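Convention: sequence-line order gives letters A, B, ...; per-chain numbering from 1. Computed from a prediction, not measured in an experiment: that's the story for all the values here.
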There are 2 protein chains.
Amino acid sequence: MDYKDLQVFLSLSSQQHLGKAGQQLHMSASTLSRRLARMEEEAGAQLFNRDTTPMQLTPAGELFRQHAEQTLLSWQQLRSSVGTEVSDLSGQLTLFCSVTATYSFLPDLLSRFREQYPLVDLRVHTGDAAESIPRTESGDADVGIAARPEHLPAGLTFKAMASSPLLFIVPRTPANLAGMNQAEIDWSEVPMVLSESGLARTRVNQWFAERQIQPHIYAQVAGNEAIVSMVALGVGVGVVPELVLRNSPMASRVRVLNVQPELEPFAIGLCSRTQRLEEPLLRALWKTALL
Amino acid sequence: MDYKDLQVFLSLSSQQHLGKAGQQLHMSASTLSRRLARMEEEAGAQLFNRDTTPMQLTPAGELFRQHAEQTLLSWQQLRSSVGTEVSDLSGQLTLFCSVTATYSFLPDLLSRFREQYPLVDLRVHTGDAAESIPRTESGDADVGIAARPEHLPAGLTFKAMASSPLLFIVPRTPANLAGMNQAEIDWSEVPMVLSESGLARTRVNQWFAERQIQPHIYAQVAGNEAIVSMVALGVGVGVVPELVLRNSPMASRVRVLNVQPELEPFAIGLCSRTQRLEEPLLRALWKTALL
DNA sequence: TGATGCCGTTGCATTTTATGCAACACAACG
DNA sequence: CGTTGTGTTGCATAAAATGCAACGGCATCA
């Protein structure tokens with residue numbers, strides 16, 4: 001039983017769903033299934049009733065939940081009270097990431113980082129995810145949350161935190177676009193909404209090139225989030241990472257196209273100049289992020 | 001941070017010594033060193049001051065110790081209160097092991113097992129460790145704590161819990177034996193005190209055979225513990241597992257002989273008939289032991 | 001002051017464990 | 001009766017833990 005298990009359990013308690021908890025925690029459902037099974041083994045009792053939908057806490061599970069909350073709280077308090085070793089670390093750190101990363105990674109990372117390093121002035125710049133790498137490389141940002149590019153520029157270090165499939169999306173209206181299946185699509189005719197640059201664009205270009213198709217590009221956009229919005233408005237077909245789609249308020253107005261072969265998934269993670277990883281501030285942030 | 005870490009930390013707190021804690025926990029010092037380092041990393045503070053001898057808890061370490069005690073207590077209570085799933089398991093289980101195993105493995109195993117399965121009538125038979133395997137094989141015992149033999153009889157399953165070197169020991173008095181070094185020893189003259197049977201005896205026989213030596217066997221004993229006593233009395237040279245020596249009150253009256261090449265270490269662990277491992281009672285005991 | 005023993009740490013090879021994917025089983029719903 | 005949604009499991013792979021042996025610092029003693 002480790003503390004990560006306790007967090008997993010709390011997430012399961014609130015979501016009552018392996019898949020949803022898995023998304024929240026950036027893990028697969030099978031992993032959660034097995035971790036839960038192991039927890040039950042160690043506790044010596046069944047913690048969830050999986051026969052019902054949604055799965056529900058057993059009485060033993062409720063006791064376990066209280067134990068988990070209490071233990072994590074105690075642990076958090078311990079860390080904040082003894083974390084004097086580093087709390088005098090101060091300075092400024094600039095992090096660049098996409099708006100979506102802001103939703104899915106930053107809340108967790110920031111709250112833990114600020115708790116432990118309250119004196120560090122952490123600045124977050126949001127923008128097109130495609131800019132994360134160049135901004136980090138140029139020193140414009142100290143850390144970037146980015147998709148790992150095909151070829152990582154020399155001098156940069158990358159560490160994956162999650163991966164996300166790259167999806168073709170179509171609007172649910174109007175009907176002429178909404179009803180499409182891959183086989184029916186004339187890619188040279190259908191208007192595409194694509195990233196201006198970045199890995200997503202590279203992957204799409206490659207996909208079309210391999211099929212010797214000259215796509216009709218209707219709009220090029222900086223920022224995957226905007227692509228979802230434009231597609232939702234019925235402008236055309238877009239390509240975005242699943243993570244972006246999931247966090248978009250427009251997600252329900254859009255449909256994922258089943259395209260074969262699929263585009264290679266994104267590996268999303270932390271990125272910094274290798275040389276600077278020795279700096280205390282950067283070490284602290286990486287340590288917190290990868291914990 | 002997992003619950004095993006917390007136990008490790010409590011052991012370190014009381015022993016203030018990596019080697020000693022390692023013996024208590026059946027782990028190497030290097031493992032404990034790294035586990036402690038990781039705990040400090042996760043806690044964000046140094047927990048022990050290693051500059052002093054013995055190493056001492058820092059103030060942060062003291063807080064951590066309280067957290068560890070509280071958490072393990074809460075965990076223990078949780079398990080005993082929800083362990084209803086299996087607490088109705090009842091029956092009788094016979095375990096055979098040496099006296100030494102009684103000291104080094106049984107306290108931990110028994111306390112955890114009885115807590116979770118209070119209705120099981122657990123009978124412990126002690127005797128020569130060499131008997132563990134045959135007694136288990138014959139069904140005389142359901143489980144044995146034994147050294148893994150060269151060739152495990154068919155139908156038996158073995159799982160290692162610890163390993164222990166096999167040592168030559170000599171008395172500290174009288175002087176004629178106490179002062180010996182390996183090079184000076186005439187193995188065909190010096191009186192030996194050996195196990196009557198079992199793996200220890202097999203290994204010793206093999207050791208002598210490989211050197212084409214006909215040892216002078218003064219006494220053959222059932223039970224390694226008695227060997228230590230006889231050697232301590234000055235009877236001759238003995239061979240016992242380090243684990244036995246460590247737990248013997250006669251340990252201080254005996255000296256370990258540096259012999260090359262060393263005898264192959266014992267692998268000590270649990271042993272049962274494979275077929276019977278499916279029985280609920282045996283499953284329960286194995287699960288508890290290997291947790 | 002140099003030799004020796006004690007103790008914690010670290011590089012490396014190995015074993016053990018965790019993870020994701022894909023296939024599966026089963027239930028609810030249309 | 002298929003279809004969708006959900007948890008589980010076999011398998012190949014990736015990641016982490018472990019022990020051994022070598023190392024370095026420190027105290028003790030000749």
Chemist: Any side-chain N or O of A:R50 less than 4.0 Å from the OP1 or OP2 oxygen of D:dT8?
Modeler: yes
Chemist: So B:R35, base contact, sugar-phosphate only, or nothing? Heavy-atom distance under 4.0 Å.
Modeler: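 Contact class for B:R35: sugar-phosphate only.
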Chemist: With respect to the phosphate group of D:dA17, does any side-chain polar atom (N or O) of B:T31 fall under 4.0 Å of OP1 or OP2?
Modeler: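 No, B:T31 has no side-chain N/O under 4.0 Å of OP1/OP2 on D:dA17.
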Chemist: Is a side-chain donor or acceptor of A:S164 paired with a backbone partner of A:P241 at a separation under 3.5 angstrom?
Modeler: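 Between the backbone of A:P241 and the side chain of A:S164 there is no qualifying donor-acceptor contact (under 3.5 Å).
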Chemist: Tell me whether the OP1 or OP2 atom of D:dA16 has a side-chain N or O from B:R34 closer than 4.0 Å.
Modeler: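 Negative; the distance criterion is not met.
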Chemist: Would you indicate which nucleotide in C:dG20, C:dT9, D:dG7 comes nearest to any side-chain atom of B:L18?
Modeler: C:dT9
Chemist: What integer distance in Å separates A:H17:NE2 from D:dG5:P?
Modeler: 10 Å
Chemist: Where the side chain of B:M55 is defined as all heavy atoms beyond and including C-beta, which of D:dG19, C:dG20, C:dG8 is the nearest nucleotide?
Modeler: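 Nearest to the side chain of B:M55 among the choices is C:dG8.
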Chemist: Once you measure the plane-to-plane angle for A:W75 and B:F64, does it fall in the parallel (<30°), tilted (30-60°) or perpendicular (>60°) bin?
Modeler: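 Correct class here is perpendicular.
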Chemist: Rounded to whole Å, how long is the line connecting atom CG of B:D51 with atom C1' of C:dC7?
Modeler: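 Checked: the CG to C1' distance equals 12 Å.
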Chemist: How long is the line joining CZ of B:R38 and P of C:dT9, in whole Å?
Modeler: 14 Å
Chemist: Should B:S33 be listed as having a side-chain N or O under 4.0 Å from OP1 or OP2 of C:dT9?
Modeler: yes
Chemist: Find the distance A:N49:CG to D:dG7:C1' and express it as a whole number of Å.
Modeler: 12 Å
Chemist: Starting from C1' on C:dA18, measure out to CE on A:M27 and report it in whole angstrom.
Modeler: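 The distance from CE of A:M27 to C1' of C:dA18 comes to 10 Å, rounded to the nearest Å.
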Chemist: Could you say whether B:T53 or B:K159 is positioned toward the 5' end of DNA chain C, judged by the nucleotide with the nearest heavy atom to each?
Modeler: B:T53
Chemist: In this structure, how many angstroms lie between the P atom of D:dT6 and the CD atom of A:Q16, rounded?
Modeler: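 Checked: the CD to P distance equals 12 Å.
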Chemist: What distance separates B:L109 CG from B:I145 CD1, expressed to the nearest 0.5 Å?
Modeler: 6.0 Å
Chemist: Just by modelled atom types, is the B:H67 backbone N or O under 3.5 Å from a matching donor or acceptor in the B:T71 side chain?
Modeler: yes
Chemist: If we only count heavy atoms from C-beta on, is the B:F48 to B:M39 side-chain gap below 4.5 Å?
Modeler: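 A side-chain contact under 4.5 Å is absent here.
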Chemist: If you assign each of B:G19 and A:S163 to its closest nucleotide in DNA chain C, which residue comes earlier from the 5' end?
Modeler: B:G19
Chemist: Can you tell me how far C1' of D:dT6 sits from CD of A:Q23, to the nearest Å?
Modeler: 14 Å
Chemist: Between P on C:dT19 and CG on A:L25, what's the gap in Å once rounded to a whole number?
Modeler: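 Rounded to the whole Å, the gap is 11 Å.
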Chemist: Can you identify which nucleotide, out of C:dT10, D:dG19, C:dC7, has its nearest atom closest to the B:S28 side chain?
Modeler: D:dG19
